[in-house]
Amino acid sequence: MTTTRSAEASDPAGGVAGFPLVLGLDTFGDLSGDENGRPQSHAQTIRNVVEEGVLADQVGVDFFGIGEHHTDDFPMPAADVVLSAIAARTTRIRLGSAVTVLSSDDPVRVFQRYSTLDAISGGRAEVILGRGSSIESFPLFGYDLADYEDLFEEKTALFAELLKGGPVTWQGKTRASLSNQEVVPHTESGPFPTWIGVGGSPQSVVRAARLGFSLMLAIIGGSPARFAPFSQLYQQALEQLGRDPLPVGVHSPGHLAPTDEQAREEFWPRWLELIRRVSKTRGFAIPTKESFAYETGPHGALYVGSPETVAQKIAANLTALGATRFDLKYGMPELPHHALMTNIELYGTQVIPRVREFLAQQAIPASGV
Amino acid sequence: MTADLSTRREVATVRPLVGPASPQRLQRIAVLGAGHVGPVIARASITAGYPVSIAASGDPENIALITRVLVPGAEPGWAADAVQNSDIVVLAIPLHKFATFDASLVAGKIVVDAMNYWPPIDGVQELFEDRQFGSSEIVAQRLAGSTIVKTLNQIGYHDLEDERRPVGSPDRLALGVAGDDTGAVDVVSGVIERIGYDAVRLDSLRAGRVLEPGGPVFGASLRRTEFEAALEAALRADTQWVSPAPPSPTTLQTGDLT
């Protein structure tokens, strides 16, 4: 363990556990606002997301993820199509779903769409599988929420088979059987990275380890440190299964502006409105100024503030959670496109270098042997 | 109903304290369910000093690692064994699995129903669609040999540990504890108090409908006085808590946060 640690610490990318540090951005295709905060069209929102992805590449962001959604707030059901447009205009940034709601999709089609993205992007595709806490795709595609666990269990297992790349033989209850079936396109350089997004289910953590998928902790409220046992559970499950360690990532919402005050002022009214709308169906407490101050403070789950504030918080939580990846879910319904572009630029040019600096400093004492 | 409320308030204000030096043996708690909720309740109970067993639907081996890492100190077991040795059973299984839950497993026990019927999140379930009854009333009908107490359903599993406070803390929150059997409500209220919340007693499962999703205290972080005021205001403003008429179905229009 000591020798591994030393090797980690000398990783110039500032990663731990031998994995490079990855700092990404996620969007749900939050409905764009115009200069006055009036909602823009779904089509304009989607074109804006393409520009945001291109900018993320230019300013040095490692990953750009798009979460599948089917609502007026988040008109983003075909993330892979949008990612392909970004892929065609970029050369460096990794591109993926955040998340793909696999339970209400066909694993074969998901594999095909993302291996196509992998081809277009020259091997930059990733997939994060999960439910999110969204459920609108279930009635839309004719699935019963009560079957959620069975659907997810079967479909993630099939997805793991598909990733292996050879002909697939599979039998289950949730789709037609496959018998020695070739599934194309083949990927050029082996399976693309696949993660499972977990909100609070220990079984999902163990499942990710069992299937050999990386773990993405979705932390949208409360103290991030509370998730540290999940990170431990994941690594211990991998160990028990005789698998090599795999990276752990964190996904959390936030917003950047040049100052803490401006970031909070831009984010707060939209956050309040969004939670107010979903609170009755989702059981979220409606935020107060007090709770917002807590969530945006050092012990909360929202990364809202200046680049320095957000960078410190990211570095601290990556360390606390034994994670090597952070994806900031930027944007909120009706925030104007220019505010999001500023957010992305600050994240790439200021937050990312600062987080790397913090983590490299922390790594020095650990390698001091 | 108004009378019920005043009774409840009197009782609730009389016994706020469970001292750390409480001489009696603490009850053994069996938590059924190792998903989002079960391990959190088990952990909070262990911290409060209770001996705890945890069981899922099958072989304890399947939850051994989860138990060891997430609930150190708890004993993973077969559901039947865990229940048999316990004084209180906490039911924290996905509600859609309740339709096939074996009632004889928990016969004779105090059963804490921490579940919710929440169609927009978990889907429509026929067994719980009769809106004349609260979900815990339906649970009680199915588990006729057990004594049902409704609590722990109204606070997010994310918050249950963060929000615990010692007795007397100004920011200690309240949780409703509802049941038809006063003795069982007292026993479970003692657990809630010891875990770190003020217990606000409601004297029937019927009254406990006010704790359900869409109700005035669900997902809200309220101190005792605020909690009681919210219940009273809800009763004054809206007869749905006293009327058996089915509420209108909640429309599904959600954005996602994860």
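Protein chains get the first letters and strands the later ones, always in sequence-line order, with residue 1 at the start of each.
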All salt bridge (Lys or Arg N to Asp or Glu O under 4.0 Å) counterparts of A:Asp147, not counting sequence neighbours:
none

Under 4.5 Å from any heavy atom of chain B - which part of A:Phe230
both

Tell me, please, which residues at least two apart from A:Asp26 pass salt bridge (Lys or Arg N to Asp or Glu O under 4.0 Å).
none

Contact list (residues 154-163 of chain B to chain A, heavy-atom gap under 4.5 Å, by number) returns B:Tyr157, B:His158, B:Asp162

Chain A shares the most heavy-atom pairs under 4.5 Å, among B:Asn62, B:Asn116, B:Ile66, with B:Ile66

Working to the nearest 0.5 angstrom, can you tell me the gap between A:Glu149 CD and B:His96 NE2?
4.0 Å

Residue from A:Ser252, A:Pro333, A:Ala146, A:Gly67 scoring the most non-hydrogen pairs under 4.5 Å with chain B is A:Ala146

Chain A: which of B:Gln125, B:His36, B:Arg68 shares the most heavy-atom pairs with it under 4.5 Å?
B:His36

Cut-off 4.5 Å, heavy atoms of chain B, and the answer for A:Phe227 is side chain

Kindly write out the residues that satisfy salt bridge (Lys or Arg N to Asp or Glu O under 4.0 Å) with B:Arg165, not counting sequence neighbours, or none if the list is empty.
B:Asp171

Atom group of A:Gln236 that falls short of 4.5 Å from chain B, counting heavy atoms:
both

What heavy-atom pair brings A:Pro202 and B:Ala34 nearest, and what distance separates the two atoms?
CG-O, 3.5 Å

If you draw a 6.0 Å radius around NE2 in A:His299, do more than 12 non-hydrogen atoms from other residues or ligands fall strictly inside?
no

